[in-house]
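The structure appears below as structure tokens.
What you are looking at is a predicted structure, and each value in this text was computed from that prediction instead of being measured.
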Amino acid sequence: HYFILSTDSPFVVFNWMLLGKVARDPFIPPQGLFGVDIYRHTEDGWRFVQNGRLRAEEGKEETMRVGLPGSGMRGVLIYLPTRGCVLGSRLGVRKGARVERWRHRSGIQKPVVHYGTSIVHGGCASRPGLCFTSQAGRLADVPYVNLGFSGCARLEIGMADVVARADASLYIVDPVWNCDEKIVAERCEPFLRRLHELRPETPILLCEGIEPSGTRHPVNIALEKVYRRLSAGGSSLAARLHYLPAKGLIPTDGESTHDYCHPNDYGSMTMGRMFAKEIRRILGL
């Protein structure tokens, strides 16, 4: 979902192309669906620089050039489109400029791997850098892998194998809005046990789904029952398992979502801060 690097170039040029035409989305504007976001690193953290928009046309290329204030090696972060499938991309710098791997100040090298729903995928932030996972990665200062599958995060046991392919510092399991109580009751424990079996030393954060109305979600209640049962067992999984409840994840003033499900930019900001705080706690940052 993003490129991250360090360079002493006074500018970067980024070119990207989408694969085929992309359907419109009633909630996400074109810059979120098809555009890229560029951030630069400052003493105060990552700062948004510019957004590049790509029209949803087959084979249509877009190129953006962004100046990078200051001198010396600076961090550059480029988020790819939230929904558009990128056919190809190119990054350019001034001739002779240095380009190096970015090293997170936190010292964390393995990514946080976040498995979940369309909310994790990025719905419905207005641009890629405002997705709550993007914000959490910047605020926690950790590499981040987004495995959001719109409408399809249903805790299939095979997905635990897929998630575990990434050697992570932390796995986040966040499937509630694609599940019902029956799915959670039947699949959640086997999924978590399989993930732990494959990566026994890696912590797992099990997350409740957001509750924008402030009303307790029945699937969250089912999820909490699974967590309480597993955490009380004294097993090696219990020692690695963490839990993030819905309370405080998103404002309940009625303005934090598009549809009482998918967070807007306002809701995403709160979620990003909450997830970053929990990630830093678990990783001891």
Side-chain angles (χ1 to χ4, degrees), residues 27-28 112-125 131-133 136 146-164 170-196 203-233 235 237-238 240-264 266-279 282:
F27 300 122
I28 305 176
V112 171
V113 176
H114 197 143
Y115 164 69
T117 66
S118 57
I119 296 173
V120 176
H121 187 168
C124 294
C131 298
F132 86 88
T133 52
N146 184 314
L147 293 181
F149 299 96
S150 294
C152 298
R154 294 181 174 271
L155 293 168
E156 297 93 344
I157 195 69
M159 282 305 302
D161 293 65
V162 172
V163 172
L170 168 67
Y171 295 107
I172 300 179
V173 179
D174 189 4
V176 162
W177 276 95
N178 287 166
C179 299
D180 55 26
E181 298 95 313
K182 185 174 184 292
I183 288 177
V184 166
E186 293 179 352
R187 298 181 183 179
C188 188
E189 181 174 345
F191 183 97
L192 294 173
R193 289 192 180 279
R194 177 59 175 167
L195 183 56
H196 177 64
I204 300 171
L205 175 60
L206 182 63
C207 302
E208 292 189 357
I210 57 174
E211 297 173 340
S213 67
T215 303
R216 195 75 177 124
H217 198 301
V219 186
N220 283 337
I221 296 172
L223 193 78
E224 185 178 9
K225 290 179 180 178
V226 174
Y227 168 71
R228 290 189 181 280
R229 183 171 66 250
L230 291 174
S231 62
S235 64
L237 172 57
R240 297 288 187 273
L241 188 61
H242 303 263
Y243 194 72
L244 185 60
K247 186 176 181 180
L249 267 182
I250 198 167
T252 57
D253 57 8
E255 302 293 350
S256 60
T257 70
H258 285 282
D259 51 6
Y260 272 107
C261 175
H262 298 89
N264 54 28
Y266 167 49
S268 294
M269 290 179 68
T270 302
M271 292 181 68
R273 288 194 295 267
M274 293 293 291
F275 271 90
K277 180 180 179 180
E278 193 67 9
I279 290 167
I282 294 171

P175 and C207 have their tightest heavy-atom pair at CD-O, 4.4 Å

G123 backbone acceptor or donor facing S118 side chain under 3.5 Å: no

Residues in ring pair (Phe, Tyr, Trp, His ring centres under 6.0 Å) with F275, at least two apart? H114, F132

Check side-chain hydrogen bond (donor to acceptor under 3.5 Å, both in side chains) between S268 and all other residues, then give those that pass, not counting sequence neighbours. none

Among all residues two or more places apart in sequence or in another chain, which pass the side-chain hydrogen bond (donor to acceptor under 3.5 Å, both in side chains) test with E208? R216, Y243

Does T270 have any side-chain hydrogen bond (donor to acceptor under 3.5 Å, both in side chains) partners at least two apart in sequence or in another chain, and if so, which? none

Mark yes or no for whether E181, through its side chain, and A222, through its backbone, hold a donor-acceptor pair below 3.5 Å. no

Looking at A125 and C131, what are the two nearest heavy atoms and their distance? CB-N, 3.6 Å

So NE2 of H262 and OG of S256: to nearest 0.5 Å the spacing works out to 13.0 Å

Evaluate the side chain to side chain contact (heavy atoms under 4.5 Å, CB included) criterion for residues M274 and E278: first the C-alpha distance (whole Å), next the side-chain angles of each, then the deciding distance (0.1 Å), finally the verdict. CA-CA 6 Å; M274 293 293 291; E278 193 67 9; over 6 Å; no

So if I apply the side chain to side chain contact (heavy atoms under 4.5 Å, CB included) rule between C188 and each of V173, L230, L206, which one comes out positive? L206

With sequence neighbours excluded, tell me which residues meet side-chain contact (heavy atoms from CB on, under 4.5 Å) with S213. T215, Y260

Could you list the residues that satisfy ring pair (Phe, Tyr, Trp, His ring centres under 6.0 Å) with H242, not counting sequence neighbours? none

Rounded at 0.5 Å granularity, tell me how far CG in L192 sits from CG in L241. 6.0 Å

If the condition is side-chain contact (heavy atoms from CB on, under 4.5 Å), which residues does V176 pass it with, not counting sequence neighbours? V219, N220, L223

Atom pair CG/CG of L244 and D174 - distance to nearest 0.5 Å: 8.0 Å

Does anything in residues 244-255 pair up under salt bridge (Lys or Arg N to Asp or Glu O under 4.0 Å), and if so which pairs, sequence neighbours excluded? none

Closest non-hydrogen contact found for I119 with W177 is CD1-CD1, 3.6 Å

My understanding is that only residues two or more places apart in sequence, or in another chain, count here; which of them pass salt bridge (Lys or Arg N to Asp or Glu O under 4.0 Å) with D161? R194

Minimum heavy-atom distance T252-E211, with the two atoms named: CG2-O, 3.6 Å

Calculate, to the nearest 0.5 Å, the distance between atoms CD1 and OH belonging to I204 and Y115 respectively. 13.0 Å

Can you give each donor-acceptor pair under 3.5 Å made by side-chain atoms of residues 147-159, sequence neighbours left out, with the distance rounded to 0.1 Å?
unit_1	atom_1	unit_2	atom_2	d
S150	OG	H121	ND1	2.8
R154	NH1	N178	O	3.3

Against N146, only a single residue in V113, T133, V112 fulfils side chain to side chain contact (heavy atoms under 4.5 Å, CB included); can you say which? T133

Can you name the salt bridge (Lys or Arg N to Asp or Glu O under 4.0 Å) partners of E186, sequence neighbours left out? K182

Are there more than 12 heavy atoms of other residues, nucleotides or ligands under 6.0 Å from atom CZ of R228? no

With sequence neighbours left out, the residues meeting side-chain hydrogen bond (donor to acceptor under 3.5 Å, both in side chains) with S235 are none

Between CG of L170 and CD1 of I172, what distance do you get to the nearest 0.5 Å? 5.0 Å

For A136 and A276 the tightest heavy-atom approach is O-CB, 3.8 Å

